[in-house]
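What follows is a short report on a single structure.
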Amino acid sequence: MVSTWLSTTLYDIAARYDHDRHALLQMLREVQAARSCVPEEAIQFFARHLNVPIVQVRGCVEFYSFLHATPRGQYDIYFSDSPTDRMAGGLAAAERLAALLGVEFGEPRSDGRVTVALTSCTGHCEQAPAGLVNRRVFTSMTEAKVGQMADLVERGVPVEQWPEEWFRIADSIRVSGPTLDTHVHPGDALRAALARGLPQTLDEVEASGLQGRGGAGFPVGRKWRGAYETRGIHYITCNADEGEPGTFKDRILLAGYANELFEGMTIAGLLVGAEKGYVYMRGEYEYMLPGLIDVLVARRDAGLLGEDVCGTGQRFDIAIHLGAGAYVCGEQSALLESLEGRRGIPRVRPPSAVKKGLLGQSTINNNVESFVQAAQIALNGGAWFAGLGEEKSRGTKLLSVAGDCSRPGIYELPLGTTVRELLELCGASHAKAVQIGGAAGRTVGRPEFDRHISYADLATGGSVMVFDERRDMVDLARQFAHFFAHESCGFCAPCRVGTQMLQHYADKLAAGQGSRHDLEQIRRIGQLVKGYAHCGLGETAPNALLDTLERFPEEYEAHLLEAADFVPEFDVDAAVSEARTITGRQDHLHPIHYPAPRIEP
Ligand code: SF4
């Protein structure tokens, strides 16, 4: 039975989204914010009111980390738990706060006052330890601040009255280049594209050589061309869900370059005849929402969005949707599922999103940096951009650098810059390993520091994590194994089971209980997961373990048991022979032979 008060509140929330069932996740986020949970009554209301299966609503509540079926504490505190946060003392700070407040991680205190929990990277690694309190981002936590925080919680001081400097977020730009140095005046890129002609602007985007800045590097122009040549309804979606541990460069663009982002989306929208665009922004960046909405309002007022964009007679507008804590939603098709109000389960591909994307229609999906650079290309021409970078990787790339360096932050550098050059710039003179591309990326050691950061060599969506001699590579790989076991959406068995198994072996090794047989198991299972996983998350989940195993074998050797050559033997036939005799079933077990997996060269 839903109370009148609650049903009125829920109705108002649904009305704010035009009762559109595809906005279910946004509605659930609002309920979570208002009630500190999504109660069963709300689940039933939305199922009935939006005419969606109740399992879909309940599935969303269970799937997204920031939605909860039972109430959180009055103070809901999350500590960011990426490796770089841990290196800066994040885990120790979280443990100390939990101890001071007398709570278990993730469990509300019995008086309902507070919850302290760990969450995956919140995107503020250069100002670690970072976290969220009642959805507000705090940075640079210290032991002294933790003591103060516990006191503020016990005294019931509202978060709005906590020290303002705790919530200060620096832009952290260390080296800027053409992207960061150029602020496009609202409308200038759009008007330049229209004056040149939209098909001719598409030619420029193709000529620029711009590749998707999310890391995969698919040519932006080719994607736009595919949508341009596809008939029917179109959508534009922007992936602003950068959840890769160590990545925070889209944060800087969303905070300071929203006009450029919306300009790029609008050009793409007018080109293919789309009427609607969506920015899917990670929930941790919610604090930027009011500023982004202000920019959208100003653009509507200036005729750059709305019913008649720039006097073209074409309609195009943009809405912003927030994620709710699911790393897999950074995968394009999972993001589209989430935008449609479902769990972020990656779709079967083909067809690509360009053929069948949002709501089954042709969709251009690019990330924030790609749209910003596309707008600048529309203004300055393709040749300008193609003149930057190297032959097979054109332009500049924003890199977010964190970890063991004296100058963490944002570096805009030409693609083709070597790892060594970047390390010199960021003050990482004692680096022994660098992870390029985050948890899903590649880890390289000193002998490879002359490799290039580019699509042709070490590709990255932006994350660069630096580790010096103090760091235990086995433990770091263990942290990444935990990350993937937690973030796997569970849809396909190779990833669901394989990431759990890899986590188990990584724990065993880090605890000094592993043997060489376990190392072999990691290699074997890692290749199986890479070869058979349904989406990019699974395909990349074993990377950190496999790379560190290959490049730092001596560190793994140092963790092995004394009896390192111990090989566990277990005769299944002998073990079940008695049971077989009793039940009269004499079939012998046969080994299972799997077909050879697809393995990366
Ligand atoms: Fe989900 Fe992992 Fe399979 Fe991707 S690979 S669909 S994340 S279980």
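Just so it is clear, the structure is predicted and the values come from calculations on it, not from any experiment. Counting starts at 1 for both ligands and their atoms, following the listed order.
- Aromatic rings from Phe79 and Phe138 are positioned such that their centres are separated by under 6.0 Å.
- Looking only at protein heavy atoms, the nearest one to atom 2 (Fe) of ligand 1 is Cys495 SG, 2.3 Å.
- Within the 3.5 Å criterion, the main-chain N or O of Gly461 finds a donor-acceptor partner in the side chain of Lys397.
- Taking every heavy atom of Ala533 and a limit of under 4.0 angstrom, the matching atoms of ligand 1 come to 5 (S).
- Shown here for Pro542 and Glu539, the closest heavy-atom pair between the two residues is CD-O, 4.1 Å.
- Phe483 and Tyr327 have perpendicular rings, their planes meeting at more than 60° on a 0 to 90° scale where under 30° would count as parallel.
- With respect to atom 3 (Fe) of ligand 1, the closest heavy atom belonging to the protein is Cys492 SG, 2.3 Å.
- Counting the atoms of ligand 1 from 1 in the order shown, those under 4.0 Å from a heavy atom of Gly538 are 5 (S).
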Taking it one step at a time, do Glu126 and Arg251 satisfy salt bridge (charged side-chain N to carboxylate O under 4.0 Å, His left out)?
-> CA-CA 12 Å; Glu126 86 287 20; Arg251 191 190 88 215; 2.6 Å; yes
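- For atom 1 (Fe) of ligand 1, the closest non-hydrogen atom of the protein is Cys489 SG, 2.3 Å.
- Looking at Tyr280 and Ser338, their side chains do bring a donor and an acceptor atom within 3.5 Å of each other.
- Among the atoms of Cys535, none of the N, O or S atoms falls under 2.8 Å from atom 2 (Fe) of ligand 1.
- Taking a cut-off of under 4.0 Å to the non-hydrogen atoms of Ser488, the atoms of ligand 1 that pass are 2 (Fe), 8 (S).
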